[in-house]
Structures are given as C-alpha cells and as structure tokens.
Amino acid sequence: MAAATWRYRGDPETEQPAVLVQFSNGRLRRSDSMRFTVYRNKDRAHPRKKHRRILVSETERLSYVGNNFSSTVTKCNSLCRYFVGVLDEGSGQMEVYNAEILNMQPLLSDNLIPDDTKDYQKKSYREKMDLCIEAFGTSKQKRALNSRRMNAVGNDIVNTAVTKAAANIIDAKGVTALIQDVAQDDVQNISIFLPPCNEDADKPENVYKFEDILSPAEYEALRVPAAVFVNITPEEITKKTEDKSHCSFVLEELKFLPADEKNRDHKARCLWFLDTLIKFSYLKVIKKKHPMGPECPHIISRKLMKNFSSLTYNNGSVRNLISVSMKAKITAYVIALALHINNFQTDLTILQNDMKLQESRMMDIAKAMRLKISKAKGLQGLENDQNHKLGTLSLPLPVQKASGNQRKRKKMN
C-alpha cells in the first residue's frame, strides 16, 4: 500500500494537520482523477471530538472512506509524527505542515430494505453463490458463470424447439403411427449388436461362424472349467437341477452329452460359456474385477467385460454395467451359440425364460438374426408345458423386411 499524492494542507487557524491517504486494497493508478471531501465534527468545544475528521472519495466502481478516530486508524500515527513540505519555487523556501495518514477502505453498503431481504432468502443456494461470484469472484469464475448461464439459455431454446417440433409431428402422424415407427426402429437397432452375419454362406454353420463367438484362444481356455461338465454324472445333473445352479437350457442339454470324447468336450465347453454368458446378463452394475469368480479364465473375464458391458462415469469413478443394449447383444450371442449346439434349431422359449426376457423382445432378436420361427410343444416340466417357439437357421436366409415406411397403417383422423 502506498500513500496517495493527494494531500490536505490543514487549517493554520484551527491547527488542523494536513492529510495523507493510503488505500487498503491497492495502489492508485491515476491520483488526479480522484476527488476527496473532508468532514469535520461540529462540536468545536469538545477536546477530542474537535479533531475528528472523515475523508470520503468516490470512483466509478467504489466509494472509499477513512477517518482518524475509529479502529481503522493506523497505529503508526500514535508512534511518530508526519510532516508535509510545500516548496515555493520562486523564493526557494519550503513551508512545513503537520500531517497525519488516513487509511481509505472500500465502503460496501449492506443496508438492504426488507423486501430485498425477503427476495434474497427465497433464492436457492446456487443463486446465492452466483451473486457472490458476481461481486467477489475471480475473472475465471465470472467467465464460467457467464458460460453456464448462456448454456442454460441455449438449453431452454432447444427444449422449446424440440417440444414444439414433437407436438407438430404428433399432430401430423398420430400417436399410433409413431408407436409403430418406434417399434420398427427398435428392431432395426437390435441388428447393431448381432454377431457378424455372413449372408453369402453356403452352410448354416457359416452364417454365424463359431470363431466369431469364441476365438481359438478363448475356446482353449474353456478346457479346464468345462471339465466339470465333461465328467458329470446323472446324479449330479439331478442335484444341479434341484439346486438350479445352472440355467434350464444347460441342465437339459447336459442330459444328452455325446459319448464321443471329442464331441463331448466340445459341447461341454460351449455349454459352460453359454451358462456364464446368461449369468453375466443378470448383473446390473459390475463392481468386481472378476465378476464371474476365480474359476472363470482371465481371457473369458476380459471378453465379458470388454464386449458385453458398457462403461459409465458415476460419482467420480468409471464402472461397468449391463445396459439394455448390452443385454440384447448377450441374448443374440446366446442364441447363436445355442444354434451351434443344437444343429441350428433351438428352443427360443427356454432361452427366453433363462434370459428373463419378454417373448416379444426375444422374437425381435430372433427375427433380426434371420431365424424362421415356428411353434412346438415344449419340454415337460418347463413352464407348465407351455407352447414353445423354435428358431431355425436355414438357407436361404429369409429376406429382411423393409423399413416401416412401407408398412400398412390405418389412417389417422
């Protein structure tokens, strides 16, 4: 802090000293632009009050005030004396006057009228913080505040425009037609998550290639965990069925493992991975690094996390979850693997129950995979012998239906 160049020479008749000022919040850039006003105490008889003075100054942004009698007075005034010399350039003589230093501080008005107080109390915490940033925030904070407010205005404009456009579309097409469009789009969106499809395949097994479901390294890694299925006994299958430790599809297929060692091992590996996929789909938020347990090979765990879960950011951390789209992808891969297990015809209803899906959702995925859907009597003991749907992969593949623009619709009044 530095003393300003402004000075008040004092009054020789009343022995009032000259005034030097300093500002508590910085240094003056242009002292000639400042104007000061001095106020004296009217009580000239009182030995102390007659020396009291208040100095006021105003700028475009703030008002400043200083005095020589309050707690803001600098302590150095009582420990030493100050003088101001005025040089007469003509005679070369200097006149010396007593002086004192006043500390000028910004005057922040807090005289809120009752109505203003009520309005302030009604404001939210965010609004109060914004007011503080406007008054005392740094340049960076103020820029961020302005940017946030501009974004809020932009969002309001976009929301208004979207609402108006949606209302116009509803008026033009009708609610029923829109629902049909959404259903058709949902079927088309499912195709994004299907296994790679070779439409020019010469055999059903080449439409959804086994290597696109399980790579050679992943298939080899399944040898150890799938050994429990290779050597399983009928008694163990009965116990697992009672415990419901595996999905219905796997428990049923374990009853029909081939006698041939190579084919038995192959089917056991496929069933173990299919069971793991279905159990993985039950998870909502994945909190563990190895969610399927230590018996699951590392390469399989990594495949599940990378290919069948979505990354999301929440509470400052990244985590994996099974989204609706990822569950559709898991279902498609389960169907493809079941087709390879069952000679390219499989019971979709059993898989639907295992995946805990609605029938319409399962049928949408099956149709997107170009399967032919037929009705068949289900296996005994499952869902009260309900009518089951069979999915068959055969060549030539059924032609995909055109988009919803060519579908027949009822006229909307």
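For the single chain, residues carry numbers from 1 onward in sequence order.
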Sorted by chain and residue number, the side chain to side chain contact (heavy atoms under 4.5 Å, CB included) partners of Tyr125 (sequence neighbours excluded) come out as Met129
Those residues at least two apart in sequence (or on a different chain) that pass side chain to side chain contact (heavy atoms under 4.5 Å, CB included) with Lys244 are none
query: Looking just at side-chain N and O atoms, do Gln352 and Thr349 make a donor-acceptor pair shorter than 3.5 Å?
result: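 Thr349 and Gln352 do not have a side-chain donor-acceptor pair below 3.5 Å.
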- Donor + acceptor pair across side chains of Ser325, Ser323 (<3.5 Å): yes
Closest approach of [X] and [Y], non-hydrogen atoms and distance?
X	Y	result
Ala368	Leu194	O-CD1, 3.3 Å
Pro204	Leu395	N-CD1, 3.9 Å
Val324	Arg361	CG1-NH2, 3.9 Å
Ala338	Thr346	CB-OG1, 3.7 Å
Ala332	Met369	O-CE, 3.4 Å
Ala221	Ile299	CB-CG2, 3.4 Å

Check whether any side-chain N or O of [X] sits under 3.5 Å from a backbone N or O of [Y] as a donor-acceptor pair, and report yes or no.
X	Y	value
Asn206	Asn198	no
Glu253	Val250	no
Thr241	Ile237	yes
Asp354	Ser248	yes
Asp275	His246	no
Arg370	Pro398	yes
Arg264	Val230	yes
Thr276	Trp272	yes

* **Derivation of the side-chain contact (heavy atoms from CB on, under 4.5 Å) call for Tyr208 and Ile335** => CA-CA 10 Å; Tyr208 297 107; Ile335 293 174; over 6 Å; no
Could you give the distance from [atom1] ([X]) to [atom2] ([Y]), rounded to the nearest 0.5 Å?
X	Y	atom1	atom2	result
Leu337	Leu271	CG	CG	8.0 Å
Ser309	Met326	OG	CE	8.0 Å
Met292	Ile300	CE	CD1	11.5 Å
Leu257	Ile232	CG	CD1	7.5 Å
Leu102	Ser57	CG	OG	12.0 Å
Glu236	Asn231	CD	CG	8.5 Å

Walk me through it: do Arg81 and Glu100 pass the test salt bridge (Lys or Arg N to Asp or Glu O under 4.0 Å)? CA-CA 7 Å; Arg81 295 181 62 187; Glu100 63 181 344; over 6 Å; no
> Can a cation-pi geometry be assigned to Lys356 and Tyr282, taking NZ or CZ under 6.0 Å from the six-membered ring centre and within 45° of the ring axis?
Replying inline: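 Yes, Lys356 lies over the aromatic ring of Tyr282.
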Are the charged groups of Glu134 and Lys142 less than 4.0 angstrom apart, N to O?
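No, this pair does not count.
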Check ion pair Lys123-Asp130 (N to O, under 4.0 angstrom): no
Do [X] and [Y] have side chains that get closer than 4.5 Å, going by heavy atoms?
X	Y	answer
Met355	Ile330	yes
Met362	Leu351	yes
Ser63	Val56	no
Val285	Ile322	no
Phe249	Val334	no
Ile101	Gln22	yes
Tyr333	Asp212	no
Asp243	Lys240	no

Exercise for review: Would you check, one step at a time, whether the test salt bridge (Lys or Arg N to Asp or Glu O under 4.0 Å) holds for Glu211 with Lys209?
Suggested key: CA-CA 5 Å; Glu211 294 78 11; Lys209 293 183 179 180; over 6 Å; no
- salt bridge (Lys or Arg N to Asp or Glu O under 4.0 Å) between Asp347 and Lys389, worked out: CA-CA 6 Å; Asp347 192 323; Lys389 299 290 179 65; over 6 Å; no
Check: Would Leu55 and Val21 satisfy side-chain contact (heavy atoms from CB on, under 4.5 Å), going step by step from the backbone distance to the final call?
Finding: CA-CA 9 Å; Leu55 184 63; Val21 299; 3.1 Å; yes
Test ring pair (Phe, Tyr, Trp, His ring centres under 6.0 Å) on Phe23 and Tyr64; report intermediate values, then the result. CA-CA 8 Å; Phe23 291 83; Tyr64 295 88; 5.1 Å; yes
(Q) Could you check whether atom CD of Glu127 has more than 12 heavy atoms from other residues, nucleotides or ligands sitting under 6.0 Å from it? (A)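 Yes - once you tally the heavy atoms of other residues, nucleotides and ligands closer than 6.0 Å, there are more than 12.
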Ring pair (Phe, Tyr, Trp, His ring centres under 6.0 Å) pairs touching residues 344-367, sequence neighbours excluded, are His340-Phe344
Inset, instruction - Flag the pair Phe273 / Tyr219 as yes when their ring centroid distance falls below 6.0 Å, and as no otherwise. - result: no
Step by step, would you call Glu199 with Cys197 a side-chain contact (heavy atoms from CB on, under 4.5 Å)? CA-CA 6 Å; Glu199 296 186 1; Cys197 178; 4.1 Å; yes
Original post:
Does the pair Met94 and Asp88 meet the rule for a side-chain contact (heavy atoms from CB on, under 4.5 Å), with working shown?
Top reply: CA-CA 6 Å; Met94 177 181 289; Asp88 187 340; over 6 Å; no
